Trainee: 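Mind looking over this structure? Questions follow.
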Amino acid sequence: MVKSGAPGPSDPTIVRYSTRTIAGAIVHVVEVPAGRGWVVSPAVAETVQPIEDFVKQQPGAIAAINAGFFDPENQGSTSFVMRGRRWVADPRQNRRLMENPALQPYLPQILDRSELRRYVCNAETRYEIVRHGAAVPAGCELVEAIGAGPQLLPQLTATEEGFWVERQGQVIHDPIGVEAQNARSAIGLAADGRVWLVMVAQGAPAGGLSLRSLAEVLRSLGADRALNLDGGTSSALYFQGRKFEGKLDENGRSASRPVKSVLLVKPEND
């Protein structure tokens with residue numbers, strides 16, 4: 001029988017929730033155990049919706065974190081999403097993305113950003129973080145995927161994925177504030193099969209963590225691979241009926257927004 005709960009006596013079937021404070025930011029962590037029992041699975045909405053609505057639509061889900069990037073103007077995904085072995089969101093279908101003149105120089109990188117993949121290899125679930133164009137390993141089948149980026153571990157790939165562009169020593173493109181303190185979301189993987197969902201909530205309106213600091217949080221948990229997810233006003237995490245939001249406005253109030261996609265933690269056989 002699968003279970004969930006807060007940290008306590010050692011039990012390899014428990015999905016655990018914990019928090020820590022780092023540089024004034026509150027870091028919410030959900031740890032998914034290795035092995036059978038739970039699966040981390042993407043979900044995408046037709047428009048946008050609060051993170052808790054995704055959970056309500058998936059019976060058995062106990063946790064969720066916001067995931068891929070999207071355009072708040074047309075609510076179209078700017079990240080690839082696969083569910084049930086079928087691509088259900090394709091940024092190439094988003095005209096505002098593909099026809100934006102300011103983004104033309106970066107489109108090849110945008111369309112080949114990193115994604116979390118769930119493979120089935122010899123009847124076993126396996127997660128990986130790779131670029132969208134990466135080949136599926138021999139003996140494995142790609143069943144689900146969701147794009148975001150950049151990779152945080154084993155190294156930060158902000159430049160390679162078009163999130164950070166410098167010219168003659170000047171930063172000319174930095175859409176997610178790579179070095180800035182902000183609310184953040186991420187997923188981390190360990191070689192032993194454990195998975196972490198991490199959401200950084202601002203302790204003050206100007207607080208949060210940079211991507212490099214976020215990478216160190218994932219490393220300290222035990223992750224050897226990690227992927228940045230959409231952040232800022234999108235950052236939110238849900239665990240067992242409680243919702244935690246990441247972004248604060250100038251008055252210290254929640255500034256979170258509905259999102260296009262999430263990663264859900266749900267029983268493996270659902």
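What you are looking at is a predicted structure, and each value in this text was computed from that prediction instead of being measured.
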Trainee: Output all residues satisfying side chain to side chain contact (heavy atoms under 4.5 Å, CB included) with E124, sequence neighbours left out; order by chain, then residue number.
Mentor: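 Partners of E124 under the side chain to side chain contact (heavy atoms under 4.5 Å, CB included) test: R36.
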Trainee: May I have the list of side-chain donor-acceptor pairs in residues 162-173 shorter than 3.5 Å, sequence neighbours left out?
Mentor:
| unit_1 | atom_1 | unit_2 | atom_2 | d |
| --- | --- | --- | --- | --- |
| W164 | NE1 | E166 | OE2 | 2.8 |
| H173 | NE2 | G162 | O | 3.4 |

Trainee: Before you tell me yes or no, could you show the steps for R113 and S79 under side-chain hydrogen bond (donor to acceptor under 3.5 Å, both in side chains), namely the whole-Å CA-CA distance, both residues' side-chain angles and the distance that decides it to 0.1 Å?
Mentor: CA-CA 8 Å; R113 282 177 171 164; S79 296; over 6 Å; no
Trainee: Holding to side chain to side chain donor-acceptor pair (under 3.5 Å), I want the full list of residues that pass it with D249, two or more places apart in sequence or in another chain.
Mentor: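 Applying side chain to side chain donor-acceptor pair (under 3.5 Å) to D249 gives none.
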Trainee: For A45, is there any backbone N or O sitting under 3.5 Å from a side-chain donor or acceptor partner on K260?
Mentor: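 Side chain of K260 to backbone of A45: a pair is present.
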Trainee: Enumerate the residue pairs fulfilling salt bridge (Lys or Arg N to Asp or Glu O under 4.0 Å) with a member in residues 176-185, sequence neighbours excluded, ordered by first and then second residue.
Mentor: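 Of all non-adjacent pairs touching residues 176-185, those that pass salt bridge (Lys or Arg N to Asp or Glu O under 4.0 Å) are E179-R212.
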Trainee: Got a sec, which residues hit side chain to side chain contact (heavy atoms under 4.5 Å, CB included) with N100, two or more places apart in sequence or on another chain?
Mentor: A102, L103
Trainee: Donor-acceptor pair, K266 side chain versus I62 backbone, under 3.5 Å?
Mentor: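 No.
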Trainee: With sequence neighbours excluded, tell me which residues meet salt bridge (charged side-chain N to carboxylate O under 4.0 Å, His left out) with R242.
Mentor: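 Listed in chain order: nothing, the list is empty.
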Trainee: How would you list all residue pairs meeting side chain to side chain donor-acceptor pair (under 3.5 Å) that involve residues 144-163, not counting sequence neighbours?
Mentor: S41-E144, S114-Q151, S114-E161, R118-E144, T157-E161
Trainee: With a 4.5 Å limit on heavy-atom distance, are the side chains of P33 and V15 in contact?
Mentor: yes
Trainee: Say whether L237 and L189 are linked into one hydrophobic cluster, either directly or through other cluster members, by side-chain heavy-atom distances under 4.5 angstrom.
Mentor: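 Hydrophobic grouping puts L237 with L189.
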Trainee: Is E245 salt-bridged to K247, cutoff N-O under 4.0 Å?
Mentor: no
Trainee: So, the side chain of N66 versus the backbone of A236: is there a donor-acceptor pair under 3.5 Å, distance only?
Mentor: yes
Trainee: Under 3.5 Å, side chain of S261 to main-chain N/O of G68, donor-acceptor pair present?
Mentor: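 Yes, the answer is positive, given that a donor and an acceptor are paired below the 3.5 Å cut-off.
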Trainee: What I'd like to find out is whether the side chain of L211 reaches to under 4.5 Å of the side chain of L152, using heavy atoms alone.
Mentor: yes
Trainee: Give a yes or no answer on whether the side chain of D230 reaches the backbone of A67 with a donor-acceptor pair at less than 3.5 Å.
Mentor: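 Checking the backbone N and O of A67 against the side chain of D230, no donor-acceptor pair under 3.5 Å is found.
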Trainee: Keeping the roles fixed (side chain from Q58, backbone from A61), state whether a donor-acceptor pair exists under 3.5 Å.
Mentor: no
Trainee: Name all pairs fulfilling the salt bridge (Lys or Arg N to Asp or Glu O under 4.0 Å) condition that reach into residues 22-32, sequence neighbours left out, sorted by first residue then second.
Mentor: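 Only E31-R194 qualify under salt bridge (Lys or Arg N to Asp or Glu O under 4.0 Å).
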Trainee: Say whether, by atom type as modelled, one donor and one acceptor occur between the side chain of D174 and the main chain of V178 under 3.5 angstrom.
Mentor: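 Confirmed, D174 side chain pairs with V178 backbone.
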Trainee: Taking only residues at least two apart or on different chains, which pairs with a member in residues 129-142 satisfy salt bridge (Lys or Arg N to Asp or Glu O under 4.0 Å)?
Mentor: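 Of all non-adjacent pairs touching residues 129-142, those that pass salt bridge (Lys or Arg N to Asp or Glu O under 4.0 Å) are R85-E141, D112-R131.
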Trainee: May I have the step-by-step check of salt bridge (Lys or Arg N to Asp or Glu O under 4.0 Å) for R126 and E128, ending in yes or no?
Mentor: CA-CA 7 Å; R126 173 175 146 193; E128 289 295 346; 3.4 Å; yes
Trainee: With F244, which residues qualify under ring pair (Phe, Tyr, Trp, His ring centres under 6.0 Å), at least two apart?
Mentor: Y17, H28
Trainee: Taking W38 for the side chain and I14 for the main chain, is one N or O donor matched with an acceptor at less than 3.5 Å?
Mentor: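 No: the side chain of W38 does not pair with the backbone of I14.
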Trainee: Report the hydrophobic cluster partners of V143, with the cluster defined as I, L, V, M, F, W, Y residues connected by side-chain heavy atoms closer than 4.5 angstrom, directly or transitively.
Mentor: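 Joined to V143, directly or through intermediates: V120.
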Trainee: With sequence neighbours excluded, tell me which residues meet ring pair (Phe, Tyr, Trp, His ring centres under 6.0 Å) with F80.
Mentor: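 By the ring pair (Phe, Tyr, Trp, His ring centres under 6.0 Å) rule, F80 matches W87, H132.
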Trainee: Give a yes or no on this: more than 12 heavy atoms of other residues, nucleotides or ligands lie within 6.0 Å of atom CG of D192.
Mentor: yes
